[in-house]
A.B. asks: 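Just passing along the structure, written as structure tokens.
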Number of protein chains: 2
Amino acid sequence: MTTDPSPQLWLYDTTLRDGTQREGLSLSIEDKIRIARRLDQMGVPFIEGGWPGANPKDVEFFWQLREYPLKKAEIVAFCSTRRPHSTAKTESLLQPILNAGTRWVTVFGKSWDLHVTAGLNTTLAENLAMIRDTIEYLCSQGRRVIYDAEHWFDGYKHNQDYALQTLETAIASGAQWLVLCDTNGGTLPHEISQIVTSVISHFSLAANQQPIPLGIHTHNDSGTAVANALAAVMAGAKMVQGTINGYGERCGNANLCELIPNLQLKLGYSCISEHQLNQLTETSRFVSEVVNLAPDEHAPFVGSSAFAHKGGIHVSAVERNPLTYEHIQPEQVGNRRRIVISEQSGLSNVLAKARTFGIELDKDQPAARQILQRLKELESQGYQFEAAEASFALLMYEALGNRQQFFEVKGFQVHCDLVEGKETNNALATVKIAVNGENILEAAEGNGPVAALDTALRKALVNFYPQVATFELTDYKVRILNGHTGTTAKTRVLVESGTGYERWTTIGVSPNILAASYQAVVEGLEYGLLLHHVPLNLENL
Amino acid sequence: MTTDPSPQLWLYDTTLRDGTQREGLSLSIEDKIRIARRLDQMGVPFIEGGWPGANPKDVEFFWQLREYPLKKAEIVAFCSTRRPHSTAKTESLLQPILNAGTRWVTVFGKSWDLHVTAGLNTTLAENLAMIRDTIEYLCSQGRRVIYDAEHWFDGYKHNQDYALQTLETAIASGAQWLVLCDTNGGTLPHEISQIVTSVISHFSLAANQQPIPLGIHTHNDSGTAVANALAAVMAGAKMVQGTINGYGERCGNANLCELIPNLQLKLGYSCISEHQLNQLTETSRFVSEVVNLAPDEHAPFVGSSAFAHKGGIHVSAVERNPLTYEHIQPEQVGNRRRIVISEQSGLSNVLAKARTFGIELDKDQPAARQILQRLKELESQGYQFEAAEASFALLMYEALGNRQQFFEVKGFQVHCDLVEGKETNNALATVKIAVNGENILEAAEGNGPVAALDTALRKALVNFYPQVATFELTDYKVRILNGHTGTTAKTRVLVESGTGYERWTTIGVSPNILAASYQAVVEGLEYGLLLHHVPLNLENL
């Protein structure tokens, strides 16, 4: 480990290139620009934008960024070495790279002899010429080059001498960074550590103690991508490549949302400012919104469960001394402590939870005991508020005499008629509600009974509360309680609703799956109205 | 690293205890038993079953297992040390532990001085007395004790001497294993490595080179749980604790589905047999079905994307020489290579699966390709047969021209009428089926629409097949596919049916939750009739 008190590390984000290799993830040009700007704000110095030429979208992306450039980050174009037996100058693949107009270009080349002979069908010498010619040409055109040594660790294990020759060639041709890639993701931390150490010592001897600028690029196929990158940094690498939320091909790339806090808060490296680190959780969720993938609730550092605590004694202890139960302060990465309301809840959980909704309750206040009592009652019926925080908030407001009644539920009917062979799946729902004493009856069809109920309810409400048009159901989960009794068991439904950025979850429980669904949908609409209609007056509480 | 060519490691699974600390995960006794049996089959030697007494469900679980014990695995009861200033003999918490009747008990105690004084509000000396008294008492009752040193790594960093005293006390009192726990999950691999090494050398000096049996228990709050456990093993730990799919509190526990292949295939340790390792992917998916959480498609080793390759040159290269693009052979962990664009066959999977139903298919037999084709079609619609083996069997019999038609489904109607305030929850179902060409119309009420459908169907069948009276629905699970689109998404329903001892699971998929439920219930009855009416003649296949 270095002795410098806060040595600098360079982050290199490849969400926009390697991240998009993930199955099911695809980005529009606008999406890519939004993510690039967010990474720029976060203080990531290198942002790999794509491979212009390999993808027409990427050509356009670089053009758009030239018109409205990023503030501080370097946007990097990515490409391969020239093809065998051609010249870089005449290589058509390299023209779009130069046209992208970036200051930095990342060139990847083969390190593993087997990939040269069996993959490229060329000679080991020609591969070295391809590396040399490509880098020299790009440098001659005023570019700064980062060299990605593809399959480096496997190549090194199979033919150490040749692998080292590829790096020597890259550095001699003008590359400013050498990045060691574990492309197949099969290497473990102790091997990374040994190999990076020996690469550094090889170049120190060769170049009279001149430090060479090494980077690390790891994949998660062994479940150790983050640990691998940390091992490389501790062995002397100065650049770390990764993606937001670890998106990437197969099992993903090293996750920057895990790497940055580990490097900065635990190992004392300097990557981004403290203030930028405070935006990490928001950035993680922003990117997951843009790519349209549900955030991982259990993700280290940034997941909504990362600092969740259960149980009474535990909760009072964590509030007295967070250090004893939390490895870092959640606020350092922009996350927050969350008190999980569950069967084991005591009064201290309820008070702590209320506080997260901005409600200061005293443990001697009757409402506090009343909330706890109601909670226990509902839990014994099968309710579970761990994940249904919006329903819990409604329950609190009710106990405090502060629950706004936007509408009253009177009942519903559902009819499904399925004839075998006809895939029409007709479901018809009728709902009856009252708003300000006025009864409203609405009906709707749907692709299944829950969709029909949801549609009917919105139709009934939208004339009174136009904002319900902006709410949408974003997730729907069903769990059967006491599975032992089969279809007569109780059903617990969780409904997640949202507008663009906010999300809230509500719960319904009933032996009738449709009744449970209806209840959760109704509370989801009610909570949305609470957020977007009448701001709760906390003075009255 | 040890020089023994294939040194033994002991796996310790805590899915049923620490795994259930995950938010939103809860298991019935039946679920716990199914998972325990699967882990037993997989060759996991220690299975932590729960904390009897802390949870009434766990008491029942241990009782049920005593009646029908596991084949090879030791089922372990978990508990804390006795409370301060009492005696183990009179400690009420320990009675349910002894009553659980296991040979092994895991006792956890405090290692970190701060937790003793601030958490337990007692003295450091009393904590040592609690450890000693509890372990000695359990040993005097014929139990073998595993000692879990909670918060070990943080405790060691804060007060090394005291932390070591707790371990010395545990071993002197008769504990057979000392397990070092990174309870808050904040430790990084290099620290684990240093601390485990120094603990081993401390005890080697103290005990004249007697090796002490150390275990490791890590959490994923830093994203390095797996690397941490590997670091401990390489430093000399001999027991590894973790959970299937890494389920656990906050960010989860060390994932056994990543640890086992890393330890066995990469580091050369011996944990389970080669054949058992081949079941890893299936076990991972089985457990995710039982706990009703979507499997992580990008999970290392066992995810459906873990060995996915995109088209083109890459694919032909990987087929020529898989070693160049895959860190292990997917079959070693029961997974398979998947070619993303050109949906490649899993014919060998189908043949293997057929074999589990006693059907020997040849890969050149037209029925084999037909089954595969149908399977792919259904999978693309959202069907998944990992846990729905009875539906898969019906599909096979159909392709082989051997599916018995006990009845024909013609259609159904469901009507629900719920008036707010009346908890009658009236659901009325009408079903139409044909038996031997005769149309039958039956109606039934139920406590929810699925129960009504199930009842109507049994009423229609029981006159023809009296044995349906002995079948019961034992579990019912619902998962929404593409949760992102809310209530208009597809629904996948799994229904478990059974008689006294047998259990079988069927599946239904539809945008309409009632249609999906109906389909699964219908196939559940059909498979029951197959088992109990006309024994399948395997000679004809």
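Labels below follow one simple rule: chain letters A, B, ... track the order of the sequence lines, proteins then strands, and each chain is numbered from 1. Because only heavy atoms are used, hydrogens play no part in the values below, and waters and symmetry mates are left out as well, while side chains stay in.
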A.B. asks: Would you name the heavy atoms of B:N184 and A:E326 that are closest together and state the gap between them?
C.D. replies: ND2-N, 3.7 Å
A.B. asks: What part of A:T224 gets closer than 4.5 Å to chain B, counting heavy atoms only: side chain, backbone, both or neither?
C.D. replies: side chain
A.B. asks: Do B:E23 and A:R338 touch side chain to side chain, with heavy atoms closer than 4.5 Å?
C.D. replies: yes
A.B. asks: Checking A:A299 against chain B: side chain, backbone, both or neither under 4.5 Å from a heavy atom?
C.D. replies: backbone
A.B. asks: Apply the test side chain to side chain contact (heavy atoms under 4.5 Å, CB included) to residues B:L267 and A:H190: give CA-CA distance (whole Å), side-chain angles for both, the deciding distance (0.1 Å), then the verdict.
C.D. replies: CA-CA 11 Å; B:L267 296 179; A:H190 68 286; 3.5 Å; yes
A.B. asks: Answer with side chain, backbone, both or neither: which region of B:N228 has an atom nearer than 4.5 Å to a non-hydrogen atom of chain A?
C.D. replies: neither
A.B. asks: Name the member of A:S222, A:C257, A:A516 that forms the most heavy-atom pairs with chain B at distances under 4.5 Å.
C.D. replies: A:S222
A.B. asks: Between atom SG of A:C251 and atom CD of B:E258, what is the distance when rounded to the nearest 0.5 Å?
C.D. replies: 8.0 Å
A.B. asks: Minimum heavy-atom separation for B:H158 and A:L323, please, with both atom names.
C.D. replies: NE2-CD2, 4.4 Å
A.B. asks: Between B:G186, B:P300, B:G248, which has the largest tally of heavy atom pairs under 4.5 Å with chain A?
C.D. replies: B:P300
A.B. asks: Hey, which of A:G223, A:A452, A:S497, A:G246 has the most heavy atom pairs under 4.5 Å with chain B?
C.D. replies: A:G223
A.B. asks: Tell me, side chain or backbone of A:L428 under 4.5 Å from chain B's heavy atoms, or both, or neither?
C.D. replies: neither
A.B. asks: Not counting sequence neighbours, which residues clear side chain to side chain contact (heavy atoms under 4.5 Å, CB included) with A:E297? List them please.
C.D. replies: A:S304, A:S305
A.B. asks: Which value, rounded to the nearest 0.5 Å, describes the distance between A:L418 atom CG and B:Y518 atom OH?
C.D. replies: 10.0 Å
A.B. asks: Under 4.5 Å between any side-chain heavy atoms of B:L188 and A:M234, yes or no?
C.D. replies: no
A.B. asks: With a 6.0 Å cut-off on ring centres, are B:Y325 and A:H151 close enough?
C.D. replies: yes
A.B. asks: Heavy-atom distance under 4.5 Å to chain B: side chain of A:H415, backbone, both or neither?
C.D. replies: both
A.B. asks: Applying the side-chain contact (heavy atoms from CB on, under 4.5 Å) criterion to B:Y476, which one of A:I513, A:V478, A:T491 satisfies it?
C.D. replies: A:I513
A.B. asks: Please rank B:T183, B:N262, B:L514, B:V226 by heavy-atom pairs under 4.5 Å with chain A and give me the top one.
C.D. replies: B:N262
A.B. asks: Please report the shortest heavy-atom distance between B:C416 and A:N512, naming the atom on each side.
C.D. replies: SG-ND2, 3.9 Å
A.B. asks: Taking side chain to side chain contact (heavy atoms under 4.5 Å, CB included) as the test, write out the residues that go with B:P261, two or more places apart.
C.D. replies: B:L265, B:L280, B:F301, B:V333
A.B. asks: Kindly give the heavy-atom pair with the smallest separation between A:D221 and B:A306, and that separation in Å.
C.D. replies: OD2-O, 3.9 Å
A.B. asks: What part of A:D154 lies closer than 4.5 angstrom to a heavy atom of chain B: side chain, backbone, both or neither?
C.D. replies: neither
A.B. asks: Checking heavy atoms, do the side chain of B:I328, its backbone, both or neither come under 4.5 Å from chain A?
C.D. replies: neither
A.B. asks: Could you please spell out the steps behind the salt bridge (charged side-chain N to carboxylate O under 4.0 Å, His left out) verdict for A:K266 and B:E191?
C.D. replies: CA-CA 11 Å; A:K266 300 198 171 174; B:E191 299 173 295; over 6 Å; no
A.B. asks: I need the minimum non-hydrogen distance between B:H298 and A:R250, along with the two atoms involved.
C.D. replies: ND1-O, 2.8 Å
